[in-house]
Amino acid sequence: MAVSLLRRDKRSAAASLKAECSRPDGRGVQLLNDLLDSVLSPERALAEAEVIEWCKCLIAGGESFDDFCKMVCAYDNATLCGLVWTANFVAYRCRTCGISPCMSLCAECFNAGEHTGHDFNMFRSQAGGACDCGDSSVMRDSGFCKRHRSTASLNIPSVPNELMMMSEHILPRVILRLVQHLRDGYSEPVSDPATERDLQKTLQQMDPLISLLEDLTKMGGATRSILTRVLANHQIYKDLCSGDLCTGEKTYAKKNYEKYLAALKGSGLVTSKERSVTSVLDQMAGASNVTILGATAGTGQMDSSDEEEQDGNQRVGKRKRVELCNSTKDPSIMDILKHKCFLEEILFWTVKYEFPQKMVTFLLNMLPDQDYKIAFTKTFVQHYAFIMKTLIKSHESDTMSNRIVHISVQLFSNEELARQVTEECQLLEIMVTVLLYMMESCLIKSELQDEENNFHVVVNCGEPLLKNNTYWPLVSDFINILSHQSVAKRFLEDQGLLQMWMNFVSFFQGMNLNKRELNEHVEFESQTYYAAFAAELEACAQPMWGLLTHCKIRETQGYTRTVVRYCLDALQDWFDAINFVDEPAPNQVTFHLPLHRYYAMFLSKAIRCQQLDLDSLLPDQEMLMKMMVHPLQIQASLSEIHSNMWVRNGLQIKGQAMTYVQSHFCNSMIDPDIFLLQVCASRLDPDYFVSSVFERFKVVDLLTMASQHQNAALDTEHERSMLEGALTFLVILLSLRIHLGMTDDEILRAEMVAQLCMSDRTHSTLLDLIPENPNPKSGIIPGSYYFENMLSAVADFKAPVFEPGGSMQQGMYTPKADVWNQEFDPIMVILRTVYRRDVQSAMDRYMGFLKQTGKFCGNPWPPYRERAPLNPSYKGLMRILHCKTLHIVLFTLLYKMSMDHQNMSEHILCMVLYLIELGLDNLPEETVEEEEMFGEERCSDSWFHGTNIATNLNHVINYVRVRVPETAPEVTREPPASTSSDTSSFVQSSNTAQVFSLVAERRRKFQEIINRNSDNAIQNADVRPKTSKWTAPSSTPQLTTAILEVRESMLSLLIKLHYKLSGKQNSYYPFWLEDSESTSRLDPMQQSHGDGTTAVERILIKTAARSRQNKCSIEEICRKVAPPVPPKKNSSADKKALDKEERRQKARERQQKLLAEFASRQKSFMETAMDLESPDSDVAMDIGSSEQQDSETVYDCVICGQSGPSTEERPTGLVVLLQASSVLGHRRRSTEPKKLPTSDEEQIYPEDTCGTAHDVRITDLQQYFKDSSCLQSVSIGWEGGVYVQTCGHTLHIDCHKSYMESLRNDQVLQSFSVDKGEFTCPLCRQFANSVLPCYPEKSEEKSIWSPYISKTLQALIEEVEEQQEQLGMFPSVTNLSKEMESVMKDIKNTTQKKYIDYGKTPGSPDNDFLFMYSVARLNLELELVHRGGNLCLGGASATTKRSCLNQLLHVLAMHMRLFRIDSAYNPWTRLTRLTQVIDSGICDDEKPEVPLLYRDISSLLLILVLTMPQELHKEHFTCIVKVLYNLLYTQAIATLSVRFSEEERTAWKNSGKLKIMCNSDKSWEVLLSHIIGELSKGKLYCASDTDQVSMLSTSVWSPQSIEYSIQQFCLPFLRTTSLLQHHLFGDDLPNCQRTEEEFGMLASYLGLLLSSLQSSDEANSSSCLEWPVAALDIISQWCSEVMTSAESHSEQVMNLLVQDPQWSLPCLLQLPENYNTIFQYYHRKACVHCSKVPKDPALCLVCGTFVCLKGQCCKQQSYCECVLHSQNCGAGTGIFLLINASVIIVIRGHRFCLWGSVYLDTHGEEDRDLRRGKPLYLCSERYKVLEQQWVTHTFDHINKRWGAHYNGL
Ligand SMILES: [Zn+2]
Ligand SMILES: [Zn+2]
Ligand SMILES: [Zn+2]
Ligand SMILES: [Zn+2]
Ligand SMILES: [Zn+2]
Ligand SMILES: [Zn+2]
Ligand SMILES: [Zn+2]
Ligand SMILES: [Zn+2]
């Protein structure tokens, strides 16, 4: 039965089966199953088309599948879009609408939704994704599009059962077939390409089947729910394909099932059946319940694989991988899988086949079904460990990672779902276990601290797992689920999980250890550091920030307590494992302390938000001391790295230091470290802390008052910068408030100010540089409303600047003046700088501000800032400022400074003063007065007794015992002379003089603390033997103890330093003594900007204000006139340092001045070169012509430097750039620019462009008239003409030749191609490609200048004619003539052949003739365009360029003279005389000549002028112009007459006849009437009346409008002619105020209007006429020319007669305001040539053509489409907008350049490649600049970075 069905037509078979099936007897179902047995038989290949067709027909139940689809779709009630996309898809993200940050929308839904004003961006999907529209768990309902608003679907009825019946029966079988296929096709890959190919083949074969399933999922909810039932049902799976039912007879099924089992085993998985066996084995091994790390560390748990060496691959570098012999690995998570439904097994295979794209898409397409989503999520979690294991092994881990995340993001972003699987499927346990499992595979022994006895293990950053970031999908999933509050809570409540997590974090603690190289330069710079930083940030810090977001309120105190506890436990374990006591091992540093940072950040949160008591979270003092050590070590190492002490470790160590402070890392690294140090400082003994700092920075030995010392730990060259580092660190520690009390917006503000002070920033740079502070998830998202508000509060926006020749700047933000004044904080800048030069740059900018505002003119010191109030929990920190140790250090440094000791610097003094001032601003609460009780002299002979800085400042130190080398000056010094009255006191005090050792001090304190903590041992405060190696070097035998007489207090030292800094004795005098009433000096604002003296003064004022005692002391010190006596033998080192700084500053200033000078020189040079309104441009306008007239022109050769005239033998030439141009051809009639089409309805037609119009005209003429005559009646070159421009520099042509030769031999790669004759001007570097010879001027001829009126027109006409008769003589062959020929060749070669040969006979001289005068025409017309299209501004026109037209005309004339115009055809005769009408019947076969009325007058003028002998006399030129004007006027009237309606024509004809009497030759009415009469003789007007006129004549013509229209008709000719006259004869162009005056002005200039006195705006076009013969007669003659030929082309007469010479200025297409308009239309548009959507679409901005950039699809003979179009559209110049990048490229010949973008975001910035995806808006200024460069042909000169495109664009 089934077999018979198989033979039937599929559709009818399906229909009858469906009918059978709907009966209750079940016979139909049986029949269907039989049929399916055959169709879906495993023996049949899945790829067979029949199989799928049968399936489709059966599912459709007799309908066509497409109809079935439509029917089902109609019932779709899904409210989710769920569109799944793959990589590179353009999608949107709206932060305003999104609940989850992962939310994304497809373009359709985005555009259909309401997101105006939202914070959204467009992005190109990397891993693929799915549209979330309609999913209210991911985004707010308000952002849904209309289609997916939930209300929209309520009215849709549910699907009738009958429709889906067949699917219910068939789909289980289809899925079964799929699974069978997957099982059969699988074989374990053995890293062998053959099996990989096999897998690919298997996948390919099932492609049609998957496509069918995908189609079904897209039909909507109905089919998806059937599929869900099939996929998730346990019974169906069990019945169909589990091994249970396999009996002997079903051999295929059995074999198939066994393959599945084999695959499971091959993956290291067991089913639950086998589980019991394994667990027994595990227990026998006795290794299941030990944790990997902890108290038992060190008992041999680790098992170094080096002994066994069984696996050579495991050795990575020199480090030996460590394997833990057991782990937390839970076998039920890692090793067991049991499949209970199709979905589970399908996912299993999806993983095995490494996530084939099609399968993934199918599985994701099902997600809109809620039941499926839950089932699939659970299945995914079930396979999670397996997925990650497969990922680690995969060769294509990148692709696979993307696909995994593509799925997991869809599942885990949903909080409800994530919570459910966390609870039901142990998601958290699985993730943490898998993370541990992953990292366990690459552990090595830590070498930190005590290499021998270190039992800590860390990840090896050199392993591929870390280097390739393979773990990221897992980490990103983990972070994703932790963002859900409910999930995070579960994590924080589960102590087991927390413990496991801390274990995981400790794998990163101390990784990537650096050891300082002391001798050899490291031979191999390991690049593992970035992997280490990335790992800490992603695997440790990100989850930490995730957890912290859920610990924000008091109610969550418990969580914080737990985390802190486990963190401290882990830290304790770590200290134990690395065998740490109290001293860090020397010359080691690791930047990775994630445990410290976890502790620090939870602590900070606890104090800030949870009102927890700090002390309750702190460990004991010993632990605190240990915790301080490693972060402090990093700070000291930073200073060492900047002091170049790590140079031998290579550049990478600098990379680490930079990454550590860089904006993306700082809030997870340096900020927590500093905070932890601040906590330690606030709780530890301050003396201990301060001495530890100086010891870590290795500057202890330096801190002696002796003039000489030995330093065991540091080379002398590093001492100064390390001391600076130590002091700077203390300043940062004491003034930074990021975690100590600043609010989030204060922090953001401070960060912003710091970045802006370093440099002006673009918005995006600033976004990138501002850390999301202090907590990346705090909600202060960069780019948010909040951020923008802050930005506008602190910065001014500098809009992008446009200079035609300059670089295009982007919008910048610069600090407001108030910010410089009050907020600039050098400490913040230092903290956030990667490079030290950034600090300098901030200081330079600060200095600039002070100078500019007149606040301070010297070299300012970093301003001192008051700090935000300290959170009371940390107020212990300020004890640092009030401890004896620090005061001794400060005193010592002040003393050394005043004594000019070695290695002191202004920076050190600055920091010392800063610390003193901080101390004065943060006095301890106990009153100062109490301390004053000690009296004046009581403790003057010893170090300080108290701790208050205000008191100690005043304390006088008399003697100090120092240890010095025997050579030191102190040793030889005699004791004070016996004359001194208090010898006894000396003896006494020398006994009590203090020796102070910082190291000893620290040890003593340490011991004290330890003793306090441990009750068992009462030890002496002596140095412990273990650390004795530290004291040994400083007590070398050469040192002796000397007693130094000091007799100074800090106050007296400060006052001395004031003298020193000001360079004047007694420069300081307390102001309150001068003028007790003046309080203005106390104004803190005035005191904040200044140099060192200002700082000292400020401190003294503060000191005086704090205590009366101090005030008196200051007065006393100042009254003593005792000058400070620095030891004379000491060359002033300090002064030197200061001098050096000053010198450096001066050098910088000098350099800047030079640079500025250079820049301005360059600029003025640019101006002359580009003629940007430079004052001398007019003078130099015409080289040659504007020179003095009575002497030969002298040219300077820019190569040899000699000057001289250009001669026949040694000609000089102008440096020129020849370039083909179609700019004029793109002009249009309408003044309204064309819009770029952005929809299918809009189109651009080329018909109305100038180029097309001229092409049509010449073709029309050639159809009816003699070819040679046609070629003299028009101009060409509108498209592909040659434009000649010069920089104005001249050179000897022979010099140029040798120059080119030298360029050719130059090995340096040129950006231009010398072989093509390209070079750059040796003087101005402007791009050029030829040399235009200068014609030697014969000055005598120029001076012939006859008064105008002297000859009659008639006489002149005859003279002209005579001259024309003269034969064009071949010039004698000279060097000059050769060069003129050669440049002509260059000109011709510049453009393509098709733009030269317009004649019917290719290569005929007529073509060349036409081409040559057209070159002149084009250059005149272009100059007119550059002058703005008219000559109103005349000579004053600002945008004119240096012109070489005069020279060009000479060259053209020389060549054109060679063509002799047959006198019979010379138009001159027909223009000036009444002749017999040339009998057109002479030769019948030949076509007639072009009638004069059809001719282009400007072309005629050029022909006449250029074929005359040179130098042309001006009177002859004027004569020609006059004659031509008559013809032009006639043309104007004829054109006009055609525009009249029939009635008007009759009326004008009649009214004109009446006026024939008076001055008829100059009456337009008479002439008009006459022409109408003449032309009416033919049928000419009849043709016109029909269609055209109705368009043309819109209104009734008045005499005024007629005059206006005639003037408009004549103006183009007058303009070019005036320019020609200007260039030929060098007379200045006139100018006028109003456009109406232009006609009269030019007519007078050309000599058409006799009286220039006549007010030019009254100028009448007819008054310019001067007829050589009777006007009416010659007009009749001209009209008859038309009439005689009119019969042959009656329908074209109109077109040919009506000439419209007016064109609007060339312009680019008008672009839409919003870039998205372009992007949406064009990024998916198909190319018309290949009908594919190009990968890189581009758009011609000249004509709107859409092309495939770089596409092979549209390549023609190795030319890609873009290049090809640039040749066709712009004769080699093309301007293209790259759609996907928003960037414009310019193609010029064989070169191209990236021009930039004309679309900017709201911050005035480009977004190349649309990376940020923010809305972009047209910057019309930039677009104008682009257009300007196109019109003026200056792309080559202005844009700098050109490259060859090899036709590949
Ligand atoms: Zn969508
Ligand atoms: Zn939608
Ligand atoms: Zn939105
Ligand atoms: Zn020369
Ligand atoms: Zn030049
Ligand atoms: Zn184009
Ligand atoms: Zn194309
Ligand atoms: Zn193409």
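Counting starts at 1 for both ligands and their atoms, in listed order.
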Excluding waters, which protein N, O or S atoms are within less than 2.8 Å of the Zn ion (ligand 6)?
->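 You should have found Cys1740 SG, Cys1743 SG, His1765 NE2, Cys1769 SG.
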Side chains of Gln357 and Arg403, donor plus acceptor under 3.5 Å =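 Present: a donor and an acceptor within the cut-off.
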Go through the side-chain N and O atoms of Ser408 and Asp477 and say whether any donor and acceptor fall under 3.5 Å apart.
->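 Asp477 and Ser408 do have a side-chain donor-acceptor pair below 3.5 Å.
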Is any protein N, O or S atom closer than 2.8 Å to the Zn ion (ligand 7), and if so, which?
->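 Near the Zn ion (ligand 7), below 2.8 Å, one finds Cys1727 SG, Cys1748 SG, Cys1754 SG, Glu1761 OE1.
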Report the relative orientation of the aromatic rings in Trp85 and Phe89; use parallel for angles under 30°, tilted for 30 to 60°, perpendicular for over 60°.
->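 Aromatic pair Trp85/Phe89 classed parallel.
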Ring geometry between Tyr372 and Phe376 (parallel below 30°, tilted from 30 to 60°, perpendicular above 60°) =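 Because their plane-to-plane angle is under 30°, the rings of Phe376 and Tyr372 count as parallel.
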Given ring-ring contact (aromatic ring centres under 6.0 Å, His included), test Tyr1283 with His1833 step by step and report yes or no.
-> CA-CA 8 Å; Tyr1283 178 59; His1833 302 85; 4.6 Å; yes
Between [Y] and [X], is there a salt bridge with N-O shorter than 4.0 Å?
X	Y	result
Asp1836	Arg1791	yes
Lys1234	Glu1242	no
Lys1824	Glu1821	no

What heavy-atom pair brings [X] and [Y] nearest, and what distance separates the two atoms?
X	Y	answer
Ala1771	Gln1392	CA-NE2, 4.1 Å
Trp1703	Arg1228	CE3-C, 3.7 Å
Asn1780	Lys1735	ND2-O, 3.2 Å

Between Tyr1799 and Arg1822, is there a cation-pi geometry (under 6.0 Å to ring centre, at most 45° from the normal)?
->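 That pair does not qualify as a cation-pi contact.
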Partners of Phe362 by ring pair (Phe, Tyr, Trp, His ring centres under 6.0 Å), sequence neighbours excluded?
->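 Phe362 satisfies ring pair (Phe, Tyr, Trp, His ring centres under 6.0 Å) with no other residue.
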Around the Zn ion (ligand 1), how many protein N/O/S atoms fall inside 2.8 Å?
->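 N, O or S atoms of the protein closer than 2.8 Å: 4.
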